[in-house]
Amino acid sequence: MFNSLISVIQGQLKSLYGMEKAAVELSSTTKDFKGDVTLVVFPYLRASKQAPHVTAEAVGQAVLANSDDVSSYNVVKGFLNFSLSSAFLQRTFDVIQHSEQWGHQPTDNSRQNMVEFSSPNTNKPLHLGHIRNNLLGHSVSQILKASGQSITQVQIINDRGVHICKSMWAWQQFGQGETPESTGIKGDHFVGKYYVRFNQELKKAIAEGESKGLTQAEAAEQAPCMTAVQAMLLAWEQGDSDVRQLWSMMNAWVYKGFEATYQRMGVSFDRNYYESDTYVLGKRHVEKGIEKGVFYRRDDGSVWIDLTADGMDEKLVLRSDGTSIYMTQDIGTAILRFIEHPIDNLTYVVGNEQDYHFKVLFLILAKLGYAWASNLHHLSYGMVNLPDGRMKSREGTAVDADDLLASMEIAAKTISETLGKTDGIAEEAKQHLYRTLGDGALKYFILKVDPKKTMVFNPEQSIEFTGNTGPFIQYSHARIRSIIRLGGDLSPWTWSDIEIQPSEAKLIMHLMAYPTLIQDAAKDLNPSSIATYLYDLAKGFNAFYQNHSILKAETPQIAAFRVALSTEVAAVLKSGLLLLGIESPEQM
RNA sequence: GGCCCCGUAGUACAAUGGAUAGUAUAUAGGUUUCCGGAACCUGAGAUCUAGGUUCGAUUCCUAGCGGGGCUACCA
């Protein structure tokens, strides 16, 4: 929206100081100064050869004379503050009002991006760490879509390996044939129970080993349950039908459980990859890489890449027995995805403990000669800690995803009932509402934090519904919608009926920033900027609402304009919350 | 040890190199003739330390201190 103003400023900088295509950046004026947008003139002093305030004055005067976007200006030291004209605000609001979906770009099918997220192990239920991953993956996908990209959402499920064998072995030993159905336990929790059981056995065996003078590592290695699990893993690799059958059955239980959790969180995938299918991929590429001289084989048969010249280590890419590791699989899967799908970008949502892994992976793919290696992105997010420290699933301090979602819903119910605002809503709609509000609180609490930062999850604070929270924004939205409903039929209005008030101008400018915000959030893969924006918008509207009557405005035309403005604010609140995976109720 | 990330009010989070470092909680107070008070308004409270670059540094660079992660023929 500032394009014409920026080009006027550039034109004036040229005619005043002979600057060709000067960089012009406008920022919004700090609240304690008069004006709407600010140009910092320090960068132009070299060309103007004049004092900051003289330069600012000269530019201000020239721009005012040549642009009807601004109505006045003032100068404070090197800061040139413009006030936007009514004409500019009117044009801006007209554009917002007449756009199909303000802020969203139409999907450009030539911009294909694949987002991988979630990617759980199948031996235990999802926990709080997975929640951050899923919320980020879903939100970033929505943001990329809104920015105009075509998105494919995928996950790779770690369905094989030593972890699931531990659950399998424990179930075989102690399960006595019980199932999720027979016990009424959700499938993923059921399998997780046996993972815990295995670890109890292991702990006992280690204690026993240590008492015989073994080191902890030796004791763990020699523990009977561990050797049994290793044997089971080998049998799986060799395709042993009993083991495979057990494996399929237990994974199926887990998938059923996961599906319920995903649905509850509101996330979905266009395609699932399974590690049992992909773990052998990549070997062929390793062989080719050896021929190219990218990798080298050691005497024991293992294959490595030397990255010391790039400031990293030597990394293994194939074991000496010829089997794949994670890296091998990821090389193969990435190549496969670019062959199978017409994508030009691939984004991995994975925790920052794997920063090094992805650095190496991307470098290897570049060395193998794939041009798209520069279009691989790692959305690296920080861990979620509890107020008293790190979560540890083995110590039982992990926050279970299903429990957390359920308790948020209960908290929402309690608060809503206390406030007594849901009387008269049908019972079924109430259930949905509590869920929506609980989700809103949780999702906003997690997504408002910069993804790359380690965050503290405080259960008590996460169910707060006042202040900088999801329900605050949901409430603001619901209240606006309520007013609009009350308004009913409104008289027609034109700009000649309206004198835009300062707080209305602020709202228009806030709405104006939405498209750029989405583009920036997409570029940075960062939903937290959306959260901050929505909170500020809701707060700005509430301040306006406090001081100006909407339906009982001075004239019916002003009332109609304010309803129109409110409608656009509500639409952006709703649209922005959806980018965070949060619904906006009409009533709460 | 090596490599990477992070240090902002009591606590939790903001701040494309720009003005007097924002917001929420907690804390002290205020707003009932009014469309939804889950709201609004006011007060007090912070950039780990020492250098450097810059007209200007929470932001960039160096060193130190503190916290976390990675450093497996695990994923």
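In what follows, chains are A, B, ... by sequence order, proteins preceding strands, each numbered from 1.
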Show, in sequence, the C-alpha distance, side-chain angles and deciding distance for A:Y533 and A:Y514, and conclude whether the ring pair (Phe, Tyr, Trp, His ring centres under 6.0 Å) test is met.
CA-CA 8 Å; A:Y533 169 89; A:Y514 189 49; 5.6 Å; yes

Please determine whether salt bridge (Lys or Arg N to Asp or Glu O under 4.0 Å) holds for the pair A:E314 and A:R298, giving the CA-CA distance in whole Å, both sets of side-chain angles, and the decisive distance to 0.1 Å.
CA-CA 12 Å; A:E314 294 178 80; A:R298 286 188 183 168; 3.4 Å; yes

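A stacking contact between A:Y475 and B:A39 is absent: the pair does not combine a ring-centre distance of less than 5.5 Å to the base's six-membered ring with planes differing by less than 30°. Both geometric conditions, a ring-centre gap below 5.5 Å and a plane tilt below 30°, are fulfilled for A:F79 over the base of B:A19. Under the stacking criterion of a centre-to-centre distance below 5.5 angstrom and an interplanar angle below 30°, A:Y545 sits stacked against the six-membered ring of B:C35.
Comparing B:G36, B:U20, B:A14 by their closest approach to the side chain of A:K77 singles out B:U20. When the nucleotides B:A75, B:C73, B:C6 are ranked by their closest atom to the side chain of A:N121, B:A75 comes out on top. The side chain of A:R485 sits closest to B:G36 out of B:A19, B:G36, B:A39.
For A:S320 and B:C73, a side-chain-to-base donor-acceptor distance below 3.5 Å is present, hydrogens and geometry of angles not being considered. Between the side chain of A:S482 and the base of B:G36, a donor-acceptor pair under 3.5 Å is found. No N or O donor and acceptor, one from the side chain of A:T532 and one from the base of B:A14, sit under 3.5 Å apart. The base of B:U25 is not paired with the side chain of A:Q461 by any donor and acceptor separated by under 3.5 Å. Taking 3.5 Å as the limit, the base of B:A19 and the side chain of A:N81 contain a donor-acceptor pair of atoms between them. Residue A:T38 places a side-chain atom within donor-acceptor reach of the base of B:A19, judged by atom type and a 3.5 Å distance cut-off alone.
Put simply, NZ on A:K452 is 11 Å from P on B:C5, counting in whole angstrom units. At whole-Å resolution of the value, CD in A:E460 and P in B:A12 are 14 Å apart.
B:C40 and B:A46 have their P atoms separated by 25 Å, with the value rounded to a whole Å.
Considering only side-chain N and O atoms, A:K315 lies nowhere under 4.0 angstrom from the phosphate OP1 or OP2 of B:U71. In this model, the phosphate group of B:A72 is not approached by any side-chain N or O of A:Y326 to a distance below 4.0 Å at OP1 or OP2. Here A:R481 does not reach the OP1 or OP2 of B:G36: none of its side-chain N or O atoms lies under 4.0 Å away. The phosphate of B:U23 (OP1 or OP2) has a side-chain N or O of A:K31 nearer than 4.0 angstrom.
Heavy-atom nearest nucleotides on RNA chain B were determined for A:G311 and for A:G467, and the one closer to the 5' end corresponds to A:G311.
For the residue pair A:W169 and A:S167, no side-chain donor N or O sits within less than 3.5 Å of a side-chain acceptor on the partner. Under the 3.5 Å distance criterion, with hydrogens and angles disregarded, a donor-acceptor pair is assigned to the side chains of A:S503 and A:H548.
Within 4.0 Å (heavy atoms only), A:I550 reaches at least one base atom of the nucleic acid. Using a 4.0 Å heavy-atom cutoff across all strands shown, A:D450 reaches sugar-phosphate atoms only and no base atom. Nucleic acid contact class of A:M312 (heavy atoms, under 4.0 Å, all strands): none. Residue A:H477 is classed as having no contact, given no heavy-atom separation below 4.0 Å to the nucleic acid. At the heavy-atom level, A:E464 lies nowhere under 4.0 Å from the strands shown.
The nucleotide B:U54 finds no pairing partner, because no Watson-Crick or G-U wobble arrangement with both distances shorter than 3.5 Å includes it.
Under the ring-ring contact (aromatic ring centres under 6.0 Å, His included) criterion, A:Y535 pairs with A:F472, sequence neighbours left out.
For A:F198 and A:Y195, the ring centers are positioned 6.0 Å apart or more.
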